[in-house]
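In what follows, chains carry the letters A, B, and so on, assigned in the order in which the sequence lines appear, proteins first and then strands, with residues in each chain numbered from 1. These figures come from a predicted structure and were not determined experimentally.
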Amino acid sequence: MSFRSVLSGDVRSAAIAFLGAHLVCGELRARIVETEAYRGLDDPGSHAFRGVTSRNRFMFGPAGHAYVYFTYGMHWMLNVTAQEEGIGAAVLIRAAQPIDGLETMRRNRPKASTDRGLLSGPAKITAAYRITREHNGLDLLDPASPFHIEPGEPVQEILCGTRIGLSPGRGDDLRWRYADAHALEWVSRPLQELTSLLEKIP
DNA sequence: CCTACGATTCACT
DNA sequence: GTGAATCGTAGGC
């Protein structure tokens with residue numbers, strides 16, 4: 001099953017499909033272990049909930065492209081757009097396990113004291129890969145792009161939980177956060193919600 | 001125009 | 001566990 005076909009379906013399925021995939025940029029390579037799903041139609045936690053703005057416009061574009069935004073005055077966030085054109089949806093890449101290019105990642109993340117903390121958070125990934133606004137809209141499924149996503153080993157078991165950092169009443173109760181159950185040492189924060197088998201997730 | 005705050009991280013108690 | 005750093009954006013006036 002290709003990314004393209006999964007991305008045309010529900011953004012939660014897309015978020016699950018990206019677990020185990022590789023984020024590649026030149027010599028840098030890491031395995032995605034944690035994602036979150038956001039969609040505009042019925043999800044108050046999504047930037048797309050209130051319709052198109054100049055910031056979120058890529059969420060409404062074709063699937064498989066980068067939606068990169070700046071927050072807290074200092075951090076960049078990387079998302080992969082999902083669902084059909086005209087529907088605002090994206091998958092936030094929250095954590096990854098470093099595979100290649102660790103020296104460069106360490107240089108880009110001087111404050112990380114251990115390799116486990118190199119990519120264990122959405123803003124850590126963009127710092128390590130030096131992803132910023134200029135990468136907004138990039139086609140992440142195109143190997144010719146400056147950085148892109150490749151299929152990896154399938155994930156055997158996943159955990160799901162509530163998404164991080166949402167205000168009460170803004171979708172904080174939706175369990176649209178997903179992680180590879182066998183790579184929990186690389187996630188941004190513990191998942192305390194119950195375990196779910198891959199085939200049981202919608 | 002003006003203001004509050006965020007899909008976070010880090011240092012410190 | 002708590003608070004500071006830091007600024008573009010959304011939403012209200």
Please confirm whether the shortest side-chain N or O distance from [X] to OP1 or OP2 of [N] is below 4.0 Å.
X: Thr71(A); N: dG8(C); answer: no
X: Lys111(A); N: dA11(B); answer: no
X: Thr53(A); N: dA10(C); answer: yes
X: Arg50(A); N: dG11(C); answer: yes
X: Arg170(A); N: dG6(B); answer: no
X: His47(A); N: dA7(B); answer: yes

What nucleic acid atoms does [X] come within less than 4.0 Å of, heavy atoms only: base, sugar-phosphate, or nothing?
X: Arg55(A); answer: sugar-phosphate
X: Met77(A); answer: sugar-phosphate
X: Arg133(A); answer: sugar-phosphate
X: Gly165(A); answer: sugar-phosphate
X: Leu92(A); answer: base

Spacing of [X] atom [atom1] relative to [N] atom [atom2], expressed in whole Å:
X: Asn56(A); N: dA10(C); atom1: CG; atom2: C1'; answer: 10 Å
X: Arg189(A); N: dG1(C); atom1: CZ; atom2: P; answer: 10 Å
X: Tyr72(A); N: dG3(C); atom1: OH; atom2: P; answer: 15 Å
X: Lys124(A); N: dT9(B); atom1: NZ; atom2: C1'; answer: 7 Å
X: Phe49(A); N: dT9(C); atom1: CZ; atom2: C1'; answer: 18 Å
X: Ile93(A); N: dA7(B); atom1: CD1; atom2: C1'; answer: 12 Å
X: Glu134(A); N: dG8(C); atom1: CD; atom2: P; answer: 16 Å
X: Trp76(A); N: dT6(C); atom1: CH2; atom2: P; answer: 16 Å

Any donor-acceptor pair under 3.5 Å from Arg163(A) side chain to Ala37(A) backbone: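 Side chain of Arg163(A) to backbone of Ala37(A), a donor-acceptor pair under 3.5 Å: yes, one is there.
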
Taking Pro44(A)'s backbone N and O only, do any of them form a donor-acceptor pair with Arg170(A)'s side chain (distance below 3.5 Å, no angle check)?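 Yes, Arg170(A) side chain to Pro44(A) backbone: donor-acceptor pair under 3.5 Å.
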
Could you go step by step and tell me if Tyr67(A) and Val80(A) meet the side-chain contact (heavy atoms from CB on, under 4.5 Å) rule? CA-CA 6 Å; Tyr67(A) 165 46; Val80(A) 186; over 6 Å; no

Looking at [options], which one has an atom nearest to any side-chain atom of [X]?
X: Arg109(A); options: dA7(B), dC10(B), dT6(C); result: dC10(B)
X: Tyr38(A); options: dG6(B), dA7(B), dC7(C); result: dA7(B)
X: His75(A); options: dC7(C), dT8(B), dA10(C); result: dT8(B)
X: Tyr67(A); options: dA7(B), dT9(B), dA10(C); result: dA7(B)
X: Phe70(A); options: dC10(B), dA7(B), dG8(C); result: dG8(C)

Suppose we call two aromatic rings close when their centres sit under 6.0 Å apart. Are His47(A) and Tyr38(A) close by that rule?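 No: the rings miss the under 6.0 Å criterion.
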
Tell me if the centroids of the rings in Phe18(A) and Tyr178(A) come within less than 6.0 Å of each other.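 No, the ring of Phe18(A) stays outside the 6.0 Å limit from the ring of Tyr178(A), centre to centre.
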
Under 30°, 30 to 60°, or over 60°: which ring-plane class applies to Trp76(A) and Phe70(A), parallel, tilted or perpendicular?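 The rings of Trp76(A) and Phe70(A) sit tilted, inter-plane angle from 30° to 60°.
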
Please report the C-alpha distance between Ile131(A) and Val68(A) in whole Å, then the side-chain angles of each, then the deciding distance to 0.1 Å, and finally whether the side-chain contact (heavy atoms from CB on, under 4.5 Å) criterion is met. CA-CA 8 Å; Ile131(A) 294 169; Val68(A) 182; 4.0 Å; yes

Which residue lies toward the 5' end of DNA chain B, Gly73(A) or Ser188(A), if each is placed at its nearest nucleotide?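 The 5'-side residue here is Gly73(A).
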
Could you identify the nucleotide paired to dT3(B), looking across every strand shown and requiring Watson-Crick or G-U wobble geometry with both distances under 3.5 Å?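 The answer is dA10(C), by the H-bond criterion.
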
Which nucleotide, if any, forms a Watson-Crick or G-U wobble pair with dC12(B), using both distances under 3.5 Å?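 Looking at the geometry, dC12(B) pairs with dG1(C).
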
Do Tyr69(A) side-chain and dA7(B) base share a donor-acceptor contact under 3.5 Å?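 In this structure, the two groups form a donor-acceptor pair.
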
Using the P atom in both, what is the distance from dC2(B) to dT6(C), to the nearest Å?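 Going atom to atom, P in each nucleotide, I get 23 Å.
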
